[in-house]
Amino acid sequence: MSAPAWLEVYRHPRVKAMLFLGFSAGLPFLLVFSTLSAWLRSAGIALSSIGLLSYVLTAYSVKVLWAPIVDRVPLPFLTRALGRRRAWMLLAQVVIIGGLFAMSGQDVAVDLSSIVWLALLVAFASATQDIAVDAWRIEAAPGGQQGPMASAYQFGYRIGLLAAGAGALTLAGEQSWQVAYGVMALLGSIGVVTTLAIDEPEPAAARDTALREGRVAAWLEKREHWPRPLRRVGAFLVGALVLPLADFFQRNGAGLAALILCFIGLFRLTDITMGVMANPFYLDMGYTLQEIGAVVKGFGLLASFAGIIVGGISLARLGVQRSLLIGGVLVIASNLSFALLALADGPDLLLLAGVISADNLAYNFAGTAFIAYMSGLTNAAYTATQYALFSSLFTLPGKVLAGGSGFVVEAVGYPWFFAYTSALGIPALLVLALLNRRLAARSQART
């Protein structure tokens with residue numbers, strides 16, 4: 001594809017819309033994660049408590065539990081007016097804005113429990129928004145446009161992270177944490193405007209969907225003696241949860257499907273596990289909030305965009321599997337650079353800029369490839385539920401390990417902690433190599 005044609009893809013209205021939806025999805029994440037960790041550390045909260053607070057993010061990891069509801073249950077008035085995807089987006093965005101405004105009125109040193117509950121509310125609403133946005137992204141564009149859609153999503157997501165990270169840290173340093181979270185709540189309106197402006201996509205059902213949905217009718221026929229409310233609940237669970245899972249395993253085979261799920265669960269262990277300790281680490285090294293914000297906003301932003309662009313080019317030139325391998329290696333290497341920073345005698349802005357740049361480039365390169373990979377695994381008939389399964393699975397193991405990250409730092413120190421998080425990336429590469437061999441053997445068997 002020539003350069004002008006490649007750029008032309010990004011001018012499509014839905015690709016542009018994906019940029020703003022990505023921003024809306026990325027904005028809340030750090031506000032209940034590392035930015036919140038910095039707020040807590042600034043108030044003198046212990047590292048062990050900050051690490052445990054990362055369990056709030058479990059909402060992102062178990063969203064598959066309510067994804068079938070987002071996939072199938074209409075919202076009164078909203079679904080009729082906006083469609084099923086946009087209705088759930090709008091509801092989630094309104095809750096996020098309200099939750100952030102409520103957090104802006106709190107003092108963590110006085111009432112930590114209120115912050116925890118509000119952070120949980122924001123995380124739950126943010127995870128719900130992710131379900132609807134991911135489904136809209138996959139359904140709004142054909143398979144050939146999923147690469148540009150993933151890149152646009154990553155661009156927007158990183159800008160959202162930048163606002164919630166560097167932007168919020170800078171505001172907190174110059175004004176207060178309350179002002180910072182109030183401004184972030186106002187930025188949430190960008191998602192609301194975008195949701196109201198875009199069109200609702202019409203997903204194309206797979207050819208075998210009618211056959212599988214017929215199993216729901218067969219299930220009901222065998223249970224005609226059950227009470228009607230119980231039959232309705234059972235039919236919903238079979239159609240919304242059992243069939244999407246069965247579809248994935250039947251399309252790939254049990255062994256290959258299990259290997260794919262294993263890889264998804266391992267691929268982001270490294271960056272998720274270390275993420276909650278990043279800002280406390282910078283502060284403990286002696287950097288100010290303004291310095292952290294300035295470096296992330298400058299060098300980090302450029303490196304993030306470079307990672308997304310290079311990741312998109314890699315997808316087009318090398319394919320998904322090779323891009324995943326390269327991304328995994330880059331993430332491991334970038335985590336090792338944090339160990340180097342931890343060994344420095346004191347604050348070194350140039351070294352900090354290099355480490356943050358390497359981390360952002362690796363994170364976004366790997367993330368772009370990973371989103372495209374997971375999007376290609378879904379069936380259009382079960383978009384929200386299947387993608388929620390994948391995205392829940394890739395965050396859950398990292399969140400579990402992240403909860404104990406503060407204890408690891410307190411026990412062995414930052415240099416060994418970053419060596420440990422780097423090593424967590426190796427199993428994913430081994431599983432990817434095995435997965436590629438299985439896929440190659442399967443392809444040869446079919447020819």
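What you see below is based on every heavy atom in this structure, not just the backbone, and it leaves out hydrogens, waters and symmetry mates.
- Counting only N and O atoms by type, the side chains of Thr273 and Asp271 include no donor and acceptor under 3.5 Å apart.
- Of the possible donor and acceptor atoms, one in the side chain of Ser337 sits under 3.5 Å from a partner among the backbone N and O of Ser334.
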*side chain to side chain contact (heavy atoms under 4.5 Å, CB included) between Asp134 and Tyr153: does it pass, once the steps are laid out?*
CA-CA 9 Å; Asp134 288 331; Tyr153 177 84; 4.2 Å; yes
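- A heavy-atom distance below 4.5 Å is found between the side chains of Ile356 and Tyr282.
- Between Phe418 and Tyr414, the ring planes are parallel. Angles under 30° get that label, and only those over 60° would be called perpendicular.
- Note that OG of Ser405 and CZ of Phe281 are 13.5 Å apart. Values are rounded to the nearest 0.5 Å.
- Geometrically, Arg137 engages Tyr387 in a cation-pi contact, judged by NZ or CZ lying under 6.0 Å from the ring centre and within 45° of the ring axis.
- Taking CG of Asp359 as the reference point, atom CG of Asn335 lies at 6.5 Å (rounded to 0.5 Å).
- With a 6.0 Å radius and a threshold of 12 heavy atoms from other residues, nucleotides or ligands, Trp66 has its CH2 atom above the threshold.
- Relative ring orientation between Trp39 and Tyr181 is described as tilted, the plane-to-plane angle lying within the 30° to 60° band.
- Checked against Thr195 for a side-chain hydrogen bond (donor to acceptor under 3.5 Å, both in side chains), the options Gln93, Arg86, Gln129 give a single hit: Gln93.
- In this structure, the separation between CD1 on Ile309 and CG on Leu361 is 10.0 Å, given to the nearest 0.5 Å.
- No donor-acceptor pair under 3.5 Å is formed between the side chain of Ser323 and the backbone N or O of Ala369.
- Annotation: side chain of Phe33 is not in contact with side chain of Val56 (no heavy-atom distance under 4.5 Å).
- The heavy-atom pair separating Gly312 from Ser151 by the smallest distance is CA-OG, 4.1 Å.
- Taking the six-membered ring where the residue is Trp, the centroids of Phe394 and Phe390 are separated by 6.0 Å or more.
- Rounded to the nearest 0.5 Å, atoms CG (Leu169) and CG (Leu283) are 8.0 Å apart.
- A donor-acceptor pair under 3.5 Å links the side-chain atoms of Glu291 to the main chain of Thr288, judged by distance alone.
- The backbone N or O of Thr421 sits less than 3.5 Å from a side-chain atom of Thr270, completing a donor-acceptor pair.
- The two atoms that bring Ile371 and Ala150 nearest to each other are CG2-CB, 3.7 Å, heavy atoms only.
- With hydrogens and angles ignored, the 3.5 Å screen pairs no side-chain donor or acceptor of Arg322 with any backbone N or O of Ile326.
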*Determine, stepwise, if the pair Tyr60 / Phe29 fulfils ring pair (Phe, Tyr, Trp, His ring centres under 6.0 Å).*
CA-CA 9 Å; Tyr60 291 93; Phe29 185 76; 5.2 Å; yes
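- Side-chain N or O atoms of Ser189 include none that pairs as donor or acceptor with a backbone N or O of Val192 at under 3.5 Å.
- Ser314 places no side-chain N or O within donor-acceptor distance of the main-chain N or O of Val310, the cut-off being under 3.5 Å.
- Two residues are said to be in side-chain contact when any heavy atoms from C-beta on lie closer than 4.5 Å; Thr385 and Ile131 fail this criterion.
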_Would Gln386 and Asp247 count as a side chain to side chain donor-acceptor pair (under 3.5 Å) here? Give the steps._
CA-CA 9 Å; Gln386 289 184 345; Asp247 168 81; 2.8 Å; yes
*Met184 and Leu171: side chain to side chain contact (heavy atoms under 4.5 Å, CB included), yes or no, with the steps?*
CA-CA 10 Å; Met184 295 302 108; Leu171 282 170; 4.2 Å; yes
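- Looking at heavy atoms from C-beta onward, Met149 lies in side-chain contact with Trp136 at the 4.5 angstrom threshold.
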*Full working for side chain to side chain contact (heavy atoms under 4.5 Å, CB included) between Tyr373 and Ile260*: CA-CA 10 Å; Tyr373 173 72; Ile260 291 172; 3.5 Å; yes
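- Nearest heavy atoms, Val329 versus Leu429: CG2-CD1, 3.9 Å.
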*Evaluate salt bridge (charged side-chain N to carboxylate O under 4.0 Å, His left out) for Glu200 paired with Arg85, printing each intermediate quantity in order.*
CA-CA 7 Å; Glu200 180 75 8; Arg85 301 310 184 200; 5.1 Å; no
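- Tyr287 places a side-chain N or O within 3.5 Å of a backbone atom of Asp348 that can act as its donor or acceptor partner.
- Proximity of a side-chain donor or acceptor of Ser34 to a complementary backbone N or O of Ser37 within less than 3.5 Å is not detected.
- Taken to the nearest 0.5 Å, the CG atom of Leu439 stands 8.0 Å off from the CG atom of Leu259.
- For Phe155 and Phe23, the gap between ring centers reaches or exceeds 6.0 Å.
- Atom CE of Met89 sits about 12.5 Å away from atom OG1 of Thr128, to the nearest 0.5 Å.
- Between the Asn252 side chain and the Phe248 main chain, a donor and an acceptor come within less than 3.5 Å of each other.
- Residues Ala344 and Leu351 come closest through the heavy atom pair CB-CD2, 4.1 Å.
- Closest of all the heavy-atom pairs between Ala258 and Phe249 is N-CE2, 4.2 Å.
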*Given side chain to side chain contact (heavy atoms under 4.5 Å, CB included), test Leu186 with Phe101 step by step and report yes or no.*
CA-CA 8 Å; Leu186 290 174; Phe101 267 124; 3.6 Å; yes
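- The shortest distance between side-chain heavy atoms of Val133 and Met18 falls below 4.5 Å.
- Within the 4.5 Å cutoff, side-chain heavy atoms of Ile115 are placed close to those of Leu36.
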*Output, in order, the C-alpha distance, side-chain angles, deciding distance and verdict of salt bridge (charged side-chain N to carboxylate O under 4.0 Å, His left out) for Arg14 and Glu139.*
CA-CA 11 Å; Arg14 287 185 171 177; Glu139 294 172 357; over 6 Å; no
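- Contact between Arg438 and Leu256 at its shortest, heavy atoms only, is NH2-N, 3.7 Å.
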